[in-house]
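Report on one structure; see the data block that follows.
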Amino acid sequence: MNGIFEGLKVLDCASFIAAPAAATVLSDFGADVIKIEPPGAGDPYRNLPNLPGFPKSPHNYAWLMESRNKKSLALDLVKPEGKAVLRRLVAAADVFITNFPPLVRERLGVSYADLSPLNDRLIYACFTGYGDRGEEANKPGFDSNAWWARSGMMDLVRADGDTTPARSIAGMGDHPCAMALYGAIVTALYRRERTGRGAHVKSNLMANGMWASSVMAQAKLCGATFEERRPRERALNALVNHYRCRDGRWIILSVLNEGKQWPALAKSLGREDLIDDPRFSTRAERHARSVELIAIFDAVFVTQDLAQWRSLLDGNGLVFGVVGILDDIPTDRQMLDNDVLVPFENDTLLTVNSPIWVEGSDKVRPRHPPTIGEHSDEILRGAGFDDDAIALLRASGAVG
C-alpha cells in the first residue's frame with residue numbers, strides 16, 4: 001500500500017501556507033494532489049524567500065515544504081476555459097481545498113454552491129483569515145496578524161510588560177492551522193464513509209489563534225484577574241524559568257514536582273547546601289524568595305556550558321528543555337531517530353515531516369515540488385482532454 005490515502009484525488013486550489021500545507025499532509029500519506037496555480041508566476045508563495053529579510057539559499061525552502069509530492073497544473077480561473085477545466089476535475093475529485101475569500105470564490109465560480117452539485121461526494125475545504133461571516137470575512141489575513149496578533153499571543157509572550165510585542169516568524173501559525181484543516185478534511189472523509197455524501201468544512205486563522213491561546217482566553221472569559229508580565233529575573237518560580245549557560249546557550253527548567261525534585265536539582269547544581277537552607281527549604285519559601293533564588297541559579301548556570309548541564313540534569317531525572325537554535329536542527333539525533341526530519345526521494349536533502357504517524361501505514365518518501373505547470377498536459381490527458389483540446393487551451397491562455 002502506497003500510503004493510507006492512495007487513490008484519493010485532491011485539488012489544492014489555494015496559496016501561501018495553511019491551506020496548501022493541509023494538502024501536503026494528505027500527500028504525505030499517499031494522496032494524489034494537484035496544485036492549481038496561475039500560469040506565469042504561479043503561486044506567489046514561490047517568491048517568499050526572495051523577500052527582504054528572509055534567509056538566502058540555493059533551494060526554494062518555502063516551496064519545498066508546502067508543495068512536496070504535488071503535481072502542478074497552471075490554470076487561469078478567470079478565463080471561461082480555465083473554469084471549465086476545473087469543473088471537470090472537480091467532478092472526479094475527492095477533496096477541493098481553497099483559501100480564496102468568499103467574494104473571490106463567488107466571482108471565480110468556485111464556491112461550495114458552485115462546485116458541490118458537480119460531485120455529491122466532494123469534500124470542499126475552505127480556509128480564511130477571519131471566518132466566512134461578518135464584516136471581516138473578506139479581509140486578507142496572514143498568521144502574523146489574524147493568528148498571532150489577533151489572539152493576544154503577540155502581547156502575552158513578550159518578555160515583560162515594558163518590552164515591545166513579540167514578532168512571529170514565517171509560517172509559525174500557518175502550520176498548526178494546516179493540521180486543523182487536515183483534521184476537518186479527514187473527519188469529513190470519515191463521515192463520507194458512513195453516509196456516502198461529501199461535506200463543506202472550514203477553518204480560519206483567527207479561530208486557530210484563539211485555540212492556541214485558549215488557556216488564557218478562557219481565563220479572561222471566566223473573569224480571572226491577571227498579574228503583570230514579569231521579567232525573567234523577577235519570575236514567581238525559579239524552578240520554572242530559563243537560565244543562560246557559559247557558552248551563551250539557554251536552558252529552561254520545568255521542575256513542577258518540587259517536593260520530590262528540589263533536592264535533585266540542588267544536587268545537580270552543586271548546591272546541596274540549598275536543600276535545607278531555611279530560605280528555600282519549603283515550596284512556599286522558594287516562591288516567596290524567587291528573585292533571590294533566581295540570582296543564585298544565574299550565578300551557577302553561567303559556570304558551565306549547555307552540554308554539561310544537559311548531562312547533569314538528565315542524570316538526575318529532572319525535567320528541562322534546551323532553548324533550541326536553528327544550528328541544532330540538521331544534526332538533532334532525536335529528530336532524526338523519530339523521522340521528524342526525513343530526506344527527499346533520491347536525495348540527501350532533509351525536509352520537515354508532518355507531525356503525525358499511523359502505525360502500519362507508512363508515509364511516501366517526499367518528492368521534490370513541481371515547477372509551474374510541470375504536469376499540466378499529464379493532468380489534462382488524465383481528465384479526458386486530447387492533444388487538440390490541450391493545444392486550444394494553451395492558445396487561449398487558460399493553461400500554462
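Hydrogens, waters and symmetry mates play no part in the numbers below; they use all other heavy atoms, side chains included.
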Subject >> Pairs satisfying ring pair (Phe, Tyr, Trp, His ring centres under 6.0 Å), at least one member in residues 325-362, at least two apart >> reply: Phe344-His368
Step through the shown structure and confirm whether more than 12 heavy atoms of other residues, nucleotides or ligands are within 6.0 Å of [atom1] on [X].
X: Arg197; atom1: CZ; answer: no
X: Phe226; atom1: CZ; answer: yes
X: Trp211; atom1: CH2; answer: no
X: Leu51; atom1: CG; answer: yes

Testing the 3.5 Å rule here: is there a donor-acceptor pair between the side chains of [X] and [Y]?
X: Ser354; Y: Lys363; value: yes
X: Ser268; Y: Asn316; value: yes
X: Asn237; Y: Glu258; value: yes
X: Thr164; Y: Arg158; value: no
X: Ser203; Y: Asn208; value: yes

Ignoring hydrogens and geometry, is there a side-chain-to-backbone donor-acceptor pair from [X] to [Y] under 3.5 Å?
X: Ser67; Y: Leu64; result: no
X: Asn138; Y: Leu103; result: yes
X: Lys83; Y: Leu77; result: yes
X: Thr128; Y: Pro101; result: no
X: Asn241; Y: Arg232; result: yes
X: Thr98; Y: Cys13; result: yes
X: Asn119; Y: Val90; result: yes
X: Gln308; Y: Asp305; result: yes
X: Lys220; Y: Thr225; result: no
X: Arg105; Y: Ser111; result: no

**OP:** Classify the angle between the aromatic ring planes of Tyr182 and Phe29 as parallel (below 30°), tilted (30 to 60°) or perpendicular (above 60°).
**Re:** parallel
Original post:
Honestly, is Arg271 close enough over Phe297, meaning NZ or CZ under 6.0 Å from the six-membered ring centre and within 45° of the axis?
Top reply: no
Does some side-chain heavy atom of [Y] sit less than 4.5 Å from a side-chain heavy atom of [X]?
X: Leu293; Y: Leu239; value: yes
X: Pro49; Y: Tyr61; value: yes
X: Asp12; Y: Pro20; value: yes
X: Arg150; Y: Glu136; value: yes
X: Leu380; Y: Leu393; value: yes
X: Met210; Y: Met153; value: no
X: Asp32; Y: Val10; value: no
X: Cys126; Y: Tyr124; value: yes

Going from [atom1] on [X] to [atom2] on [Y], what distance comes out if it is rounded to the nearest 0.5 angstrom?
X: Ile4; Y: Asp362; atom1: CD1; atom2: CG; answer: 11.0 Å
X: Leu26; Y: Ile123; atom1: CG; atom2: CD1; answer: 11.0 Å
X: Met172; Y: Arg167; atom1: CE; atom2: CZ; answer: 12.0 Å

Do the side chains of [X] and [Y] get close enough for a salt bridge, i.e. N-O under 4.0 angstrom?
X: Arg121; Y: Asp94; result: no
X: Glu292; Y: Arg286; result: no
X: Glu374; Y: Lys71; result: no
X: Arg310; Y: Asp314; result: no
X: Asp132; Y: Lys202; result: yes
X: Asp114; Y: Arg87; result: no
X: Arg249; Y: Asp247; result: no
X: Asp160; Y: Arg230; result: no

Subject >> Intermediate values then yes/no, side-chain hydrogen bond (donor to acceptor under 3.5 Å, both in side chains), Arg68 and Thr351 >> reply: CA-CA 9 Å; Arg68 62 175 179 241; Thr351 188; 3.3 Å; yes
Subject >> ILVMFWY network linking Leu181 to Val25, side-chain heavy atoms under 4.5 angstrom >> reply: yes
**OP:** Please check if Ile36 and Leu115 belong to a single hydrophobic cluster, counting links between Ile, Leu, Val, Met, Phe, Trp and Tyr side chain heavy atoms closer than 4.5 Å.
**Re:** yes
Original post:
Are Trp309 and Phe301 close enough, and set up right, to give a ring-ring contact (aromatic ring centres under 6.0 Å, His included), and what steps lead you there?
Top reply: CA-CA 8 Å; Trp309 286 122; Phe301 274 104; 4.8 Å; yes
Subject >> Evaluation steps, side chain to side chain contact (heavy atoms under 4.5 Å, CB included), between Arg107 and Val78 >> reply: CA-CA 9 Å; Arg107 186 171 72 246; Val78 174; over 6 Å; no
Original post:
Can you name the one residue among Leu253, Val255, Ile252, Leu256 that meets side chain to side chain contact (heavy atoms under 4.5 Å, CB included) with Val240?
Top reply: Leu256
**OP:** Could you give me the CA-CA distance, side-chain angles and deciding distance for Phe96 and Tyr112, then say whether ring-ring contact (aromatic ring centres under 6.0 Å, His included) is met?
**Re:** CA-CA 10 Å; Phe96 177 85; Tyr112 179 68; over 10 Å; no
